[in-house]
There are 2 protein chains.
Amino acid sequence: MASTGTDPARKQRADSLRNQTALLEAAAAAFIASGVNAPVRDIAARAGVGVGTIYRHFPTRADLIVAVYRHQVEACAEAGPVLLAQSATPHAALASWIHLFVDFLVTKHGLAEAMRSDDAAFQTLHAYFLDRLVPVCADLLAAASAAGEIVPDMNPLVLMQGIGNLCIGADNPAYDARLMVDVVIAGLRVH
Amino acid sequence: MASTGTDPARKQRADSLRNQTALLEAAAAAFIASGVNAPVRDIAARAGVGVGTIYRHFPTRADLIVAVYRHQVEACAEAGPVLLAQSATPHAALASWIHLFVDFLVTKHGLAEAMRSDDAAFQTLHAYFLDRLVPVCADLLAAASAAGEIVPDMNPLVLMQGIGNLCIGADNPAYDARLMVDVVIAGLRVH
DNA sequence: AAACATACGGAACGAGGTTCCGTTTTCCCC
DNA sequence: GGGGAAAACGGAACCTCGTTCCGTATGTTT
């Protein structure tokens, strides 16, 4: 992520590593306080570095967001097969997994919006989330489909993006992302 | 909308009305060309006016968007009762009406995103759309619910917002808003 | 300790939204 | 028709925010 060195023998400088860590912590805090679109200058100030340092470590905002949430995305991805093995039915596993994903998204102010953005800077973000999660979703869909529980032709990519969309604005009390997601899950069933 | 006059006897000035019309046309063109977030300066240039004139007529971007799309929103609202009377079943009417709404949204680049924005400037937009369309949706839901075709507890406001969300990013070829909307419509059915 | 690569900071630039006020246009009244 | 007040105009100026750039500082290696 931050290995800019041309010579692979030379290790990353200590101050560089320190700043990178500080930036990750600052960004996480700023994202909680102001959403994932927190001003670059704010994040830099929180980390006690100049704005140039942010761009050196994380060329686009997406890189920073991915770095901050990587653990959680990985955990979500790994939960897929586990749920499939533990649940009573594939459809139940799919439902549980989608709820896991939704829980992750709705607690990250602005993340769902950002994933949707057509801004080139968010391309990385979009790609990372989808690359990591769509295959997991595809497996769950395939299992539920094979069991005859859901319609056979659901596209996992479309489903993930749709679920993501439904989570936008989840902090608005007049909206209820989880309810809409449940309607979608019900709609996947054979009928 | 543009009656700023303090004295109600005094009518709107001719140049003001001319500019207002020019702005509406320019905005409509700019929205088609660049989406509803087209730069203010661009819209002003298209209309051949200064930026100050935009703000005088339409204090927020939402006011301009509402003015541009008012006819279409009205048409959509009025179609609700008509569809209910003409369709074979209330659920069919609901489905048709939702498709009408979706067709409107997906052809307006950025509109669905804007409706979701928590920016105070879009409050008016959000309010207008929901005030006008939620009651129509509520009637359709009530009819379908009374006919025993759908689950009885769907909140029309949540449904409208959810449908709106699903339409975000509909111009991305890897996504399919209509498919997701169909899943939602299916999910509303009693099962 | 010297020399060199690496990384840093923050000024500077550009894009976009918004405000403000001197000037122009229109309208009303005589 | 002409004069003056009210209304509206235009666009410069300002603010915020993302992004770039380069002179300077800090590690690292020999």
Side-chain angles (χ1 to χ4, degrees), chain A residues 1-23 26-27 30-31 34-65 110 114 117-125, chain B residues 1-23 26-27 30-31 33-65 110 114 117 119-125:
Chain A
M1 167 98 9
S3 58
T4 322
T6 46
D7 177 2
R10 207 179 192 91
K11 63 185 179 188
Q12 183 181 27
R13 266 171 52 168
D15 56 344
S16 170
L17 191 67
R18 212 182 316 131
N19 280 332
Q20 188 169 316
T21 308
L23 274 171
F31 289 173
S34 327
V36 298
N37 290 309
V40 178
R41 274 174 253 256
D42 284 4
I43 300 173
R46 275 179 192 264
V49 305
V51 286
T53 302
I54 287 198
Y55 284 96
R56 199 164 311 103
H57 286 288
F58 306 100
T60 70
R61 181 177 296 271
D63 296 319
L64 187 53
I65 297 174
S117 168
D118 50 359
D119 186 335
F122 287 100
Q123 189 54 40
T124 312
L125 179 66
Chain B
M1 166 106 0
S3 59
T4 322
T6 46
D7 177 1
R10 208 179 190 90
K11 64 183 180 188
Q12 183 182 25
R13 267 171 54 167
D15 56 344
S16 169
L17 191 67
R18 212 181 317 129
N19 281 332
Q20 188 169 315
T21 307
L23 274 171
F31 289 172
S34 327
V36 298
N37 290 308
V40 178
R41 276 175 253 254
D42 284 5
I43 300 173
R46 275 178 193 265
V49 305
V51 285
T53 302
I54 287 198
Y55 284 96
R56 199 165 311 104
H57 285 288
F58 307 99
T60 71
R61 182 177 293 272
D63 295 318
L64 187 52
I65 296 174
S117 167
D119 187 334
F122 287 99
Q123 189 53 40
T124 311
L125 179 66

Ala22(A) and Ala47(A) have their tightest heavy-atom pair at O-CB, 3.9 Å

Heavy-atom nearest pair, Phe122(B) first then Ser117(B), reads CD1-OG, 3.6 Å

Nearest-Å distance for atom pair [atom1]/[atom2], residues [X] and [N]:
X        : N       : atom1 : atom2 : result
Gln12(A) : dT26(D) : CD    : P     : 18 Å
Ile43(A) : dT16(D) : CD1   : P     : 18 Å
Asp63(A) : dT19(D) : CG    : P     : 11 Å
Phe58(A) : dT19(D) : CZ    : P     : 15 Å
Gln20(B) : dA8(D)  : CD    : P     : 10 Å
Ile54(A) : dG18(D) : CD1   : P     : 9 Å
Arg13(B) : dA8(D)  : CZ    : P     : 6 Å

Any side-chain heavy atom of Asp63(A) within less than 4.5 Å of one from His57(A)? no

Spatial distance of atom CD1 (Ile43(A)) from atom CZ (Phe31(A)) [nearest 0.5 Å]: 4.5 Å

CG (Asp42(A)) and CG (Asn37(A)) are apart, to the nearest 0.5 Å, by 12.0 Å

Counting distance only, does the side-chain N/O of Arg56(B) pair as donor-acceptor with the main-chain N or O of Ser16(B) below 3.5 Å? no

Whether each nucleotide of nucleotides 10-20 of chain C has a protein heavy atom under 4.0 Å at its base (B), only at its sugar-phosphate (S) or at neither (-) is summarised, 5' to 3', as BBB---BBBB-

Presence of Asn19(A) side-chain N/O under 4.0 Å of dA7(C) phosphate oxygens OP1/OP2: no

If you compare every side-chain N and O of His57(A) against the phosphate oxygens of dA7(C) (OP1, OP2), does one of them come in below 4.0 Å? no

